[in-house]
Amino acid sequence: QVQLVESGGGLVQAGGSLRLSCAASGRTFSSYVMGWFRQAPGKEREFVGRISRSITFTYYADSVKGRFTISRDNAKNTVYLQMKALKPEDTAVYYCAATLRVGVTTRTDEYDYWGQGTQVTVSS
């Protein structure tokens, strides 16, 4: 089992940058594929991106491709979401999630563990 805690959210102007962190508990962090999702008010939670256990493979939603970068430090049990060129439509609560499933996991039901979320607000 793994517990996840996100941090780094806040208010930023459009065009700005923000880096989110997700700290995981447990000694098996490197066994998990890590994903980032977001949920805007009144909308369903949507996939943002994910990173493989070995750090060699990342996959992003089209809406964030080229602007967001996911990385992880298995020695620190932490996964990051670097966000650049932020837009007002990126405003949402951002969640990190963990799964042991292999493959390109983009659905919420493919992830077993979730953090509590961190709010990102992008002003125009």
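Keep in mind that this is a model prediction, so the values were computed, not measured.
Rounded to the nearest 0.5 Å, atoms CD (Gln1) and OG (Ser25) are 8.0 Å apart.
Residues Ala40 and Thr91 approach most closely at CB-O, 3.7 Å, considering heavy atoms. The heavy-atom pair separating Ala98 from Val2 by the smallest distance is CB-CG1, 3.9 Å.
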Might you work through the side chain to side chain contact (heavy atoms under 4.5 Å, CB included) test for Leu11 and Ser123, ending with a clear yes or no? CA-CA 7 Å; Leu11 175 64; Ser123 63; 4.3 Å; yes
Criterion ring-ring contact (aromatic ring centres under 6.0 Å, His included) on Tyr111 and Phe37, from CA distance to verdict: CA-CA 10 Å; Tyr111 288 80; Phe37 290 75; 5.1 Å; yes
Check against side chain to side chain contact (heavy atoms under 4.5 Å, CB included), Leu100 and Arg53: CA-CA 9 Å; Leu100 292 173; Arg53 291 168 287 188; 5.7 Å; no
For Val122 and Gln13: C-alpha separation, side-chain torsions, deciding distance, then whether side chain to side chain contact (heavy atoms under 4.5 Å, CB included) applies. CA-CA 5 Å; Val122 184; Gln13 289 188 333; over 6 Å; no
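A donor-acceptor pair is defined here as one N or O able to donate and one able to accept, closer than 3.5 Å; no such pair exists between the side chain of Ser124 and the backbone of Pro88. Of the possible donor and acceptor atoms, none in the side chain of Asp90 sits under 3.5 Å from a partner among the backbone N and O of Ala14. Thr118 places a side-chain N or O within donor-acceptor distance of the main-chain N or O of Gly9, the cut-off being under 3.5 Å. Listed for the Gln116 side chain is a donor-acceptor partner under 3.5 Å among the backbone atoms of Glu6. Using a distance-only test at 3.5 Å, with no hydrogens or angles considered, no donor-acceptor pair links the side chain of Tyr94 to the main chain of Gln39. In this structure, the side chain of Ser30 does not engage the main chain of Thr28 through any donor-acceptor pair within 3.5 Å.
Note: the hydrophobic cluster containing Ile51 also contains Trp36 (ILVMFWY, side chain heavy atoms under 4.5 Å, direct or indirect links). Tracing side-chain contacts under 4.5 Å through hydrophobic residues (I, L, V, M, F, W, Y), one reaches Val104 starting from Val33; they form part of the same cluster. Residues Tyr113 and Leu20 fall within the same hydrophobic cluster, defined by Ile, Leu, Val, Met, Phe, Trp and Tyr side chains chained together at heavy-atom separations under 4.5 Å. Linking ILVMFWY residues whenever their side-chain heavy atoms come closer than 4.5 Å, directly or via other members, places Trp114 and Phe47 in the same cluster.
Between Thr121 and Val12, every side-chain heavy-atom pair lies at or beyond the 4.5 Å cut-off. You'll find the side chain of Tyr59 reaches within 4.5 Å of the side chain of Thr106, heavy atoms only.
No side-chain N or O of Tyr32 forms a donor-acceptor pair with one of Thr99 less than 3.5 Å apart.
Judged by the 6.0 Å distance and 45° axis criteria, Arg72 is positioned over the aromatic ring of Phe29. At least one test fails for Arg38 against the ring of Tyr95: distance under 6.0 Å to the centre or angle within 45° of the axis.
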Below 3.5 Å, can you tabulate the donor-acceptor pairs from side chains in residues 79-87 to any protein atom, sequence neighbours excluded?
none

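Annotation: disulfide (SG to SG under 2.5 Å) contacts involving residues 9-123, sequence neighbours excluded, comprise Cys22-Cys96.
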